[in-house]
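A quick write-up on the structure given underneath.
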Amino acid sequence: MDSSADGRVVWITGAGSGIGRATAIEAATAGWRVALTGRRAPALDETVAAVQEAGGAALVLPGDATSDDVIRASLDRITATWGRLDALVLAAGLNAPERRWADHDPATFDEIVRVNLTGPAHLVTAALPLLRASHGVVVFVSSYAAWAFNPIAGVAYSASKAGLSALSRTLNAQEAASGVRSCHLCPGDVNTDFLGHRPQVPSDDARAAMLQPSDVARSVRFVLEAPTHVRFDELVVSPVSQT
Ligand SMILES: NC(=O)c1ccc[n+]([C@@H]2O[C@H](COP(=O)([O-])OP(=O)(O)OC[C@H]3O[C@@H](n4cnc5c(N)ncnc54)[C@H](OP(=O)(O)O)[C@@H]3O)[C@@H](O)[C@H]2O)c1
């Protein structure tokens, strides 16, 4: 572990797998203390074990990251345990195989928008006082589909991830004076469990050509470790094979 982060604290949602877990390990390796949220406690425990193996400290905050009660209780735990919050990495996300207007289901639409867009908006709102105090940084884990329109990403997914761009830009426009910075992070295809939401699940060969979670985690670390006068408004990271 290197100690360049000086005990700074990052709260990661979707921390039990994929990009969230890889980010927890990468941040812990860089000396960040990591708070971890997801609904599956055993998956979070596996992330904790990996963080500890990297020499890091983790706080487990299981629950639904879209619940205002969970958000409030988690911030209270972070404050009571570490007394500060320097960064958010909002990786909790959802898609569904039904992606076309022809098979549009309003309940599924609502759920995807709630997890991908409404939840992050509520979480940032609640965390803002702590982020102002630390001149903190927010990383919205959005999608390539929010940067380059992709008709097969899905109605709700495309709309919700595109909405993250607006959240991030308004945050930067309105909170610059308080030193809060936000990044709209747009990864291309990443080899994670998320691919199971696709109508056609990619083959092992296709997965091998994609970004790996650790590739995205290194990008997140780059954003987290920028000096406080530096902001990465948007970062697109994709595998060479991305079309
Ligand atoms: N994989 C890709 O190709 C790709 C590309 C671009 C962007 N992304 C984005 O990257 C983010 C991370 O996905 P991933 O690829 O790492 O896939 P993943 O391994 O499936 O991670 C998604 C995580 O979100 C968590 N989650 C879902 N709903 C939640 C909720 N209500 N509260 C708390 N946690 C919740 C899940 O944990 P629980 O089920 O335990 O809650 C899971 O750990 C997503 O936002 C996704 O849209 C992925």
Side-chain angles (χ1 to χ4, degrees), residues 11-26 35-48 50 60-71 73-74 88-97 99 108 110-123 138-148 150 152-154 156-165 167-168 183-198 200-202 206-217 219-220 234-239 241-243:
W11 182 15
I12 302 166
T13 69
S17 61
I19 294 167
R21 174 180 289 173
T23 297
I25 296 165
E26 184 71 31
L36 311 172
T37 291
R39 292 163 304 173
R40 293 165 297 149
L44 292 179
D45 289 343
E46 285 181 36
T47 303
V48 171
V60 187
L61 306 166
D64 184 333
T66 69
S67 153
D68 289 332
D69 288 346
V70 169
I71 291 169
S74 300
L88 299 174
V89 178
L90 304 176
L94 187 66
N95 203 352
R99 299 184 173 196
T108 306
D110 287 353
E111 180 64 2
I112 291 171
V113 171
R114 193 175 66 80
V115 174
N116 292 355
L117 182 63
T118 312
H122 286 212
L123 198 152
V138 178
V139 179
F140 291 99
V141 181
S142 183
S143 173
Y144 200 86
W147 177 71
N150 175 353
I152 59 166
Y157 190 78
S158 292
S160 59
K161 292 295 190 179
L164 288 179
S165 171
L167 291 193
S168 188
C183 178
H184 182 232
L185 179 72
C186 302
D189 294 339
V190 191
N191 180 17
T192 69
D193 298 345
F194 209 75
L195 302 174
H197 294 299
R198 290 192 179 180
Q200 275 94 37
V201 177
R207 285 173 179 266
M210 294 178 178
L211 295 173
Q212 303 304 309
S214 58
D215 297 320
V216 184
S219 307
V220 174
E234 187 166 66
L235 188 57
V236 183
V237 51
S238 51
S241 56
Q242 188 92 30
T243 54

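Counting starts at 1 for both ligands and their atoms, in listed order.
Protein heavy atom at the shortest distance from atom 44 (C) of ligand 1 is A91 O, 3.2 Å. Nearest to atom 34 (N) of ligand 1 among the protein's heavy atoms is A92 CB, 3.5 Å.
Considering only residues two or more places apart in sequence or on other chains, R39 meets the salt bridge (Lys or Arg N to Asp or Glu O under 4.0 Å) condition with none of them.
Here's the thing with K161: one of its N/O atoms is less than 3.5 angstrom from an N/O atom of ligand 1.
Across G20, S17, A15, heavy-atom proximity to atom 18 (P) of ligand 1 is greatest for S17. Residue nearest to atom 9 (C) of ligand 1, selected from S142, P62, S238, G93: S142 (by heavy-atom distance). In this comparison of V237, D193, V190, the heavy atom closest to atom 4 (C) of ligand 1 sits on V190.
Between V220 and the options L185, V237, I12, a side-chain contact (heavy atoms from CB on, under 4.5 Å) holds for only L185.
Each of the atoms 23 (C), 24 (O), 25 (C), 43 (O) of ligand 1 lies under 4.0 Å from some heavy atom of G14. For ligand 1, the atoms sitting less than 4.0 Å from at least one non-hydrogen atom of G63 are 32 (N), 33 (C), numbered in the order shown with element in parentheses. Atoms of ligand 1 found under 4.0 Å from any heavy atom of G18 (numbered from 1 in listed order, with element): 16 (O), 19 (O). Counting the atoms of ligand 1 from 1 in the order shown, those under 4.0 Å from a heavy atom of A65 are 30 (C), 32 (N), 33 (C). For ligand 1, the atoms lying closer than 4.0 Å to a non-hydrogen atom of D189 are 3 (O). The ligand atoms of ligand 1 that sit less than 4.0 angstrom from a heavy atom of D64 are 30 (C), 31 (N), 32 (N).
Residue contacts with ligand 1: P187 is included, with a non-hydrogen atom under 4.0 Å away. Taking 4.0 Å as the cut-off, T13 does not count as a neighbour of ligand 1 on heavy-atom distance. Not a single heavy atom of A145 sits under 4.0 Å from any atom of ligand 1.
The nearest pair of heavy atoms linking A15 to T47 is O-OG1, 2.7 Å.
A salt bridge links R198 with D189: the closest approach of a Lys/Arg side-chain nitrogen to an acidic carboxylate oxygen falls below 4.0 angstrom.
Only the side chain of Y157 comes within 4.0 Å of ligand 1, counting heavy atoms alone; its backbone N, CA, C and O stay farther away. If you look at M210 next to ligand 1, there are no close heavy atoms at all, none under 4.0 Å.
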